[in-house]
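Below is one structure; the comments refer to it alone.
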Amino acid sequence: MSTKKKKDILEAYRWRQATKAFDADRKIKEEDMEFILETGRLSPSSFGFEPWQFVVVRREDLLQKIKDHAWGAQGQALTASHFVLILARTPKAMRYDADYIRHIVTGVQGRTEEEYAQRVKRVQEFQENDYRLLDDERVFQEWIKRQTYIPLGNMMTAAAQIEIDSCPIEGFNQEEIDELLISEGVMERGEWSLSVMVAFGYRARDFAPKTRRDFNEVVKYIG
(Lines give C-alpha, C1' and ligand atoms only; values in the text may rest on other atoms or scores of the structure.)
Protein backbone atom coordinates (compact mmCIF):
# COMPACT_ATOMS: atom_id res chain seq x y z
CA MET A 1 0.00 0.00 0.00
CA SER A 2 1.31 3.44 -0.88
CA THR A 3 2.35 5.91 1.80
CA LYS A 4 -0.24 8.37 0.49
CA LYS A 5 -3.07 5.83 0.78
CA LYS A 6 -2.12 5.00 4.37
CA LYS A 7 -1.94 8.71 5.17
CA ASP A 8 -5.39 9.29 3.65
CA ILE A 9 -6.90 6.44 5.67
CA LEU A 10 -5.43 7.70 8.95
CA GLU A 11 -6.58 11.21 8.11
CA ALA A 12 -10.14 9.91 7.73
CA TYR A 13 -9.92 8.33 11.19
CA ARG A 14 -8.63 11.59 12.67
CA TRP A 15 -11.36 13.58 10.90
CA ARG A 16 -14.26 11.38 12.04
CA GLN A 17 -16.13 12.58 15.13
CA ALA A 18 -19.30 11.41 16.86
CA THR A 19 -21.63 13.95 15.30
CA LYS A 20 -24.41 14.92 17.71
CA ALA A 21 -26.22 17.32 15.37
CA PHE A 22 -26.31 17.29 11.59
CA ASP A 23 -27.03 19.89 8.92
CA ALA A 24 -30.59 18.86 8.07
CA ASP A 25 -30.43 20.64 4.71
CA ARG A 26 -27.57 18.52 3.39
CA LYS A 27 -28.41 15.07 2.04
CA ILE A 28 -26.13 12.17 1.18
CA LYS A 29 -26.23 11.03 -2.44
CA GLU A 30 -27.91 7.65 -2.76
CA GLU A 31 -24.86 6.15 -4.48
CA ASP A 32 -22.70 7.23 -1.53
CA MET A 33 -25.14 5.76 0.98
CA GLU A 34 -25.27 2.50 -0.94
CA PHE A 35 -21.47 2.42 -0.85
CA ILE A 36 -21.53 2.84 2.95
CA LEU A 37 -24.16 0.11 3.38
CA GLU A 38 -22.26 -2.21 1.06
CA THR A 39 -19.17 -2.01 3.29
CA GLY A 40 -21.44 -3.17 6.11
CA ARG A 41 -22.84 -6.03 4.04
CA LEU A 42 -19.34 -7.22 3.16
CA SER A 43 -18.17 -7.20 6.78
CA PRO A 44 -16.96 -10.37 8.50
CA SER A 45 -18.88 -12.22 11.20
CA SER A 46 -18.32 -15.28 13.36
CA PHE A 47 -18.62 -18.38 11.13
CA GLY A 48 -19.78 -16.00 8.37
CA PHE A 49 -23.33 -16.11 9.74
CA GLU A 50 -24.14 -12.41 9.11
CA PRO A 51 -26.55 -12.09 12.06
CA TRP A 52 -27.68 -8.58 11.10
CA GLN A 53 -30.06 -6.47 9.09
CA PHE A 54 -29.64 -2.77 8.25
CA VAL A 55 -32.89 -0.81 8.30
CA VAL A 56 -32.73 2.68 6.76
CA VAL A 57 -35.56 4.69 8.32
CA ARG A 58 -37.04 7.34 6.02
CA ARG A 59 -40.46 7.84 7.62
CA GLU A 60 -40.45 11.08 9.59
CA ASP A 61 -43.19 9.89 11.94
CA LEU A 62 -41.15 6.81 12.85
CA LEU A 63 -38.01 8.91 13.30
CA GLN A 64 -39.96 11.10 15.71
CA LYS A 65 -41.11 8.04 17.67
CA ILE A 66 -37.54 6.74 17.78
CA LYS A 67 -36.42 10.12 19.09
CA ASP A 68 -39.13 9.94 21.77
CA HIS A 69 -37.85 6.54 22.92
CA ALA A 70 -34.10 7.02 22.47
CA TRP A 71 -32.44 9.62 24.65
CA GLY A 72 -29.20 9.17 22.73
CA ALA A 73 -30.76 10.18 19.40
CA GLN A 74 -32.17 13.57 20.36
CA GLY A 75 -29.90 15.60 18.11
CA GLN A 76 -29.55 13.06 15.30
CA ALA A 77 -32.85 11.31 14.55
CA LEU A 78 -34.47 14.25 12.73
CA THR A 79 -31.36 16.05 11.43
CA ALA A 80 -29.33 13.18 9.95
CA SER A 81 -29.52 12.57 6.23
CA HIS A 82 -29.85 8.81 6.81
CA PHE A 83 -30.73 7.05 10.05
CA VAL A 84 -29.91 3.34 10.20
CA LEU A 85 -31.06 0.70 12.66
CA ILE A 86 -28.75 -2.30 12.96
CA LEU A 87 -30.84 -5.27 14.02
CA ALA A 88 -29.39 -8.43 15.54
CA ARG A 89 -30.91 -11.87 15.17
CA THR A 90 -32.11 -13.54 18.36
CA PRO A 91 -30.66 -16.74 19.90
CA LYS A 92 -33.68 -18.60 18.50
CA ALA A 93 -32.45 -17.86 14.97
CA MET A 94 -28.76 -18.38 15.75
CA ARG A 95 -28.76 -21.77 17.46
CA TYR A 96 -26.59 -24.29 15.65
CA ASP A 97 -29.72 -26.24 14.58
CA ALA A 98 -31.81 -23.25 13.43
CA ASP A 99 -33.23 -22.97 9.91
CA TYR A 100 -31.33 -19.72 9.41
CA ILE A 101 -28.00 -21.45 10.00
CA ARG A 102 -28.90 -24.09 7.42
CA HIS A 103 -29.86 -21.31 4.98
CA ILE A 104 -26.52 -19.56 5.44
CA VAL A 105 -24.36 -22.68 5.21
CA THR A 106 -26.12 -24.38 2.29
CA GLY A 107 -27.94 -21.53 0.55
CA VAL A 108 -25.52 -18.61 0.91
CA GLN A 109 -22.15 -20.31 1.41
CA GLY A 110 -23.00 -23.16 -0.99
CA ARG A 111 -21.84 -26.04 1.23
CA THR A 112 -22.97 -29.62 0.62
CA GLU A 113 -25.13 -31.50 3.11
CA GLU A 114 -22.06 -33.36 4.34
CA GLU A 115 -20.18 -30.10 4.81
CA TYR A 116 -23.24 -28.64 6.52
CA ALA A 117 -23.30 -31.50 9.04
CA GLN A 118 -19.61 -30.98 9.82
CA ARG A 119 -20.07 -27.23 10.13
CA VAL A 120 -23.06 -27.53 12.43
CA LYS A 121 -21.17 -29.95 14.68
CA ARG A 122 -18.37 -27.41 15.08
CA VAL A 123 -20.83 -24.59 15.74
CA GLN A 124 -22.61 -26.73 18.33
CA GLU A 125 -19.32 -27.33 20.15
CA PHE A 126 -18.59 -23.62 20.06
CA GLN A 127 -22.01 -22.64 21.39
CA GLU A 128 -22.24 -25.38 24.03
CA ASN A 129 -18.65 -25.61 25.27
CA ASP A 130 -16.33 -22.86 24.06
CA TYR A 131 -18.52 -19.85 24.84
CA ARG A 132 -21.33 -21.66 26.71
CA LEU A 133 -23.87 -19.54 24.87
CA LEU A 134 -26.69 -22.02 25.33
CA ASP A 135 -26.50 -21.71 29.13
CA ASP A 136 -27.77 -18.11 29.18
CA GLU A 137 -29.96 -16.46 26.54
CA ARG A 138 -28.82 -12.99 27.49
CA VAL A 139 -25.16 -13.95 27.06
CA PHE A 140 -26.06 -15.50 23.71
CA GLN A 141 -27.86 -12.33 22.60
CA GLU A 142 -24.95 -10.13 23.62
CA TRP A 143 -22.55 -12.35 21.65
CA ILE A 144 -24.77 -11.90 18.59
CA LYS A 145 -24.93 -8.14 19.08
CA ARG A 146 -21.15 -7.92 19.30
CA GLN A 147 -21.03 -9.18 15.74
CA THR A 148 -23.07 -6.20 14.55
CA TYR A 149 -20.43 -3.77 15.75
CA ILE A 150 -18.09 -4.99 13.02
CA PRO A 151 -20.24 -3.62 10.15
CA LEU A 152 -21.03 -0.59 12.31
CA GLY A 153 -17.34 0.31 12.51
CA ASN A 154 -16.73 -0.45 8.85
CA MET A 155 -19.62 1.72 7.73
CA MET A 156 -18.52 4.66 9.86
CA THR A 157 -14.95 4.37 8.60
CA ALA A 158 -16.09 4.10 4.97
CA ALA A 159 -18.25 7.18 5.48
CA ALA A 160 -15.35 9.13 6.94
CA GLN A 161 -13.18 8.26 3.95
CA ILE A 162 -15.65 10.08 1.69
CA GLU A 163 -16.13 12.89 4.25
CA ILE A 164 -19.55 11.86 5.50
CA ASP A 165 -20.18 12.18 9.22
CA SER A 166 -21.67 9.55 11.49
CA CYS A 167 -22.68 8.85 15.04
CA PRO A 168 -23.29 5.47 16.70
CA ILE A 169 -26.16 5.50 19.20
CA GLU A 170 -26.72 3.13 22.12
CA GLY A 171 -28.79 5.53 24.22
CA PHE A 172 -32.15 3.78 24.38
CA ASN A 173 -34.19 1.48 26.59
CA GLN A 174 -33.86 -1.94 24.97
CA GLU A 175 -37.31 -3.26 25.89
CA GLU A 176 -39.14 -0.07 24.92
CA ILE A 177 -37.40 0.38 21.58
CA ASP A 178 -37.87 -3.26 20.61
CA GLU A 179 -41.59 -3.00 21.36
CA LEU A 180 -41.81 0.16 19.27
CA LEU A 181 -40.09 -1.43 16.29
CA ILE A 182 -42.28 -4.54 16.55
CA SER A 183 -45.46 -2.46 16.73
CA GLU A 184 -44.33 -0.41 13.72
CA GLY A 185 -43.70 -3.55 11.66
CA VAL A 186 -39.96 -2.96 11.44
CA MET A 187 -39.08 -6.37 12.89
CA GLU A 188 -40.76 -9.59 14.01
CA ARG A 189 -41.05 -10.53 17.65
CA GLY A 190 -38.64 -13.27 18.65
CA GLU A 191 -36.63 -12.97 15.43
CA TRP A 192 -34.81 -9.65 15.87
CA SER A 193 -33.67 -7.19 18.51
CA LEU A 194 -32.22 -3.72 18.01
CA SER A 195 -28.47 -3.74 18.54
CA VAL A 196 -27.38 -0.18 17.78
CA MET A 197 -28.38 2.84 15.71
CA VAL A 198 -26.15 4.94 13.51
CA ALA A 199 -26.81 8.32 11.94
CA PHE A 200 -25.11 9.56 8.77
CA GLY A 201 -24.99 13.05 7.33
CA TYR A 202 -22.97 16.24 7.46
CA ARG A 203 -21.89 17.95 10.66
CA ALA A 204 -23.67 21.16 11.62
CA ARG A 205 -20.51 22.62 13.16
CA ASP A 206 -16.77 22.04 13.23
CA PHE A 207 -15.12 20.02 15.97
CA ALA A 208 -12.03 20.50 18.08
CA PRO A 209 -9.16 18.17 17.10
CA LYS A 210 -9.66 14.56 18.19
CA THR A 211 -7.92 13.45 21.39
CA ARG A 212 -6.75 9.91 22.11
CA ARG A 213 -4.27 8.24 24.46
CA ASP A 214 -0.70 7.97 23.21
CA PHE A 215 0.08 5.06 20.84
CA ASN A 216 2.56 3.51 23.29
CA GLU A 217 -0.02 3.64 26.07
CA VAL A 218 -2.55 1.77 23.96
CA VAL A 219 -0.37 -0.75 22.10
CA LYS A 220 1.67 -3.46 23.82
CA TYR A 221 4.04 -5.86 22.05
CA ILE A 222 4.90 -9.26 23.50
CA GLY A 223 8.13 -10.92 22.33
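- Under the rule for a salt bridge (Lys or Arg N to Asp or Glu O under 4.0 Å), the partners of Asp135 that lie at least two apart in sequence or sit in another chain are Arg132.
- Heavy-atom minimum distance, Pro51 versus Gln147: CG-CB, 3.7 Å.
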side-chain contact (heavy atoms from CB on, under 4.5 Å) evaluation trace for Thr106 with Glu113:
CA-CA 7 Å; Thr106 61; Glu113 283 297 318; 4.0 Å; yes

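- The two residues Arg89 and Gln141 make their nearest non-hydrogen contact at O-NE2, 3.0 Å.
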Identify every side-chain donor-acceptor pair in residues 213-223 under 3.5 Å, counting partners at least two apart or on other chains, and give the distances.
residue	atom	partner	partner atom	Å
Asp214	OD2	Asn216	N	3.0

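- In the hydrophobic clustering, where aliphatic and aromatic side chains (Ile, Leu, Val, Met, Phe, Trp, Tyr) are joined below 4.5 Å either directly or transitively, Ile177 groups with Val55, Val57, Leu62, Leu63, Ile66, Leu78, Phe83, Leu85, Leu87, Ile169, Phe172, Leu180, Leu181, Ile182, Val186, Met187, Trp192, Leu194, Met197.
- Across all their heavy atoms, Pro151 and Ser43 have their closest contact at CA-OG, 3.3 Å.
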Residue pair Arg95, Glu128: steps toward the salt bridge (charged side-chain N to carboxylate O under 4.0 Å, His left out) verdict:
CA-CA 10 Å; Arg95 274 182 56 97; Glu128 287 184 345; over 6 Å; no

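- By the salt bridge (Lys or Arg N to Asp or Glu O under 4.0 Å) test, Asp25 is found to be paired with no residue, residues two or more places apart in sequence or in another chain being considered.
- With sequence neighbours excluded, no residue forms a side chain to side chain donor-acceptor pair (under 3.5 Å) with Glu176.
- Thr39 contributes a side-chain N or O that, together with a main-chain N or O of Ile36, makes up a donor-acceptor pair within less than 3.5 Å.
- The hydrophobic cluster around Val108 extends to Phe47, Phe49, Met94, Tyr96, Tyr100, Ile101, Ile104, Val105, Tyr116, Val120, Val123, Phe126, Tyr131, Leu133, Leu134, Val139, Phe140, Trp143, Ile144, counting ILVMFWY residues whose side-chain heavy atoms fall within less than 4.5 Å of a member.
- The 12-atom threshold is not exceeded at CG of Asp99, counting heavy atoms of other residues, nucleotides or ligands nearer than 6.0 Å.
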Quick one, Arg26 with Glu163, criterion salt bridge (charged side-chain N to carboxylate O under 4.0 Å, His left out). Give me CA distance, side-chain angles, the key distance, then yes/no.
CA-CA 13 Å; Arg26 294 189 67 189; Glu163 296 189 339; over 6 Å; no

Would Ser166 and Met155 count as a side-chain contact (heavy atoms from CB on, under 4.5 Å) if you check the C-alpha gap in whole Å, the side-chain angles of each, and the deciding distance to 0.1 Å?
CA-CA 9 Å; Ser166 63; Met155 286 192 283; over 6 Å; no

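- Of the inter-residue distances, the one linking Glu179 atom CD with Gln174 atom CD reads 11.0 Å to the nearest 0.5 angstrom.
- Listed by chain and number, the residues in a side chain to side chain donor-acceptor pair (under 3.5 Å) with Asp136 amount to none (sequence neighbours excluded).
- Shown here are the side chain to side chain contact (heavy atoms under 4.5 Å, CB included) partners of Thr79, two or more places apart in sequence or in another chain: Phe22, Ala24.
- Annotation for Ile28 and Met33: closest pair CG2-N, 3.8 Å, computed over non-hydrogen atoms.
- The shortest distance between side-chain heavy atoms of Ile150 and Ser45 does not fall below 4.5 Å.
- Thr90 places a side-chain N or O within donor-acceptor distance of the main-chain N or O of Gly190, the cut-off being under 3.5 Å.
- Looking at residues two or more places apart in sequence or on another chain, you find a salt bridge (Lys or Arg N to Asp or Glu O under 4.0 Å) between Arg41 and Glu38.
- The neighbour count for Glu60 CD, taken as heavy atoms of other residues, nucleotides or ligands under 6.0 Å away, does not exceed 12.
- With sequence neighbours left out, the salt bridge (Lys or Arg N to Asp or Glu O under 4.0 Å) criterion links Lys92 to Glu191.
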Sequence neighbours left out, cut at 3.5 Å: what donor-acceptor pairs do the side chains of residues 200-211 make with other protein atoms?
residue	atom	partner	partner atom	Å
Arg203	NE	Asp165	OD1	2.8
Arg203	NE	Asp165	OD2	3.1
Arg203	NH2	Trp15	O	3.0
Arg203	NH2	Asp165	OD1	2.6
Lys210	NZ	Tyr13	O	2.5
Lys210	NZ	Arg16	O	2.7

Give every donor-acceptor pair under 3.5 Å between a side-chain atom in residues 67-74 and any protein atom, sequence neighbours left out.
residue	atom	partner	partner atom	Å
Asp68	OD1	Gln64	NE2	3.0
His69	ND1	Lys65	O	2.9
Gln74	NE2	Lys67	O	2.6
Gln74	NE2	Ala70	O	2.9

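- Leu37 is not listed as a side-chain neighbour of His82, based on a closest heavy-atom distance of 4.5 Å or more.
- Here the CZ-CD distance, from Arg122 to Gln127, works out to 10.5 Å after rounding to the nearest 0.5 Å.
- Taking both residues in full, the closest heavy atoms of Ser195 and Ala88 are given as CB-CB, 4.1 Å, listed atom of the first, atom of the second, then distance.
- Taking 4.5 Å as the limit, some side-chain heavy atom of Glu184 sits within range of a side-chain heavy atom of Arg59.
- The 12-atom threshold is not exceeded at CZ of Arg189, counting heavy atoms of other residues, nucleotides or ligands nearer than 6.0 Å.
- At a threshold of 4.5 Å between non-hydrogen side-chain atoms, the residues Arg146 and Ser46 do not count as touching.
- A 6.0 Å sphere centred on NZ of Lys27 holds more than 12 heavy atoms belonging to other residues, nucleotides or ligands.
- Screening Lys4, Lys6, Lys5 for a side-chain hydrogen bond (donor to acceptor under 3.5 Å, both in side chains) involving Asp8 leaves a single residue, Lys4.
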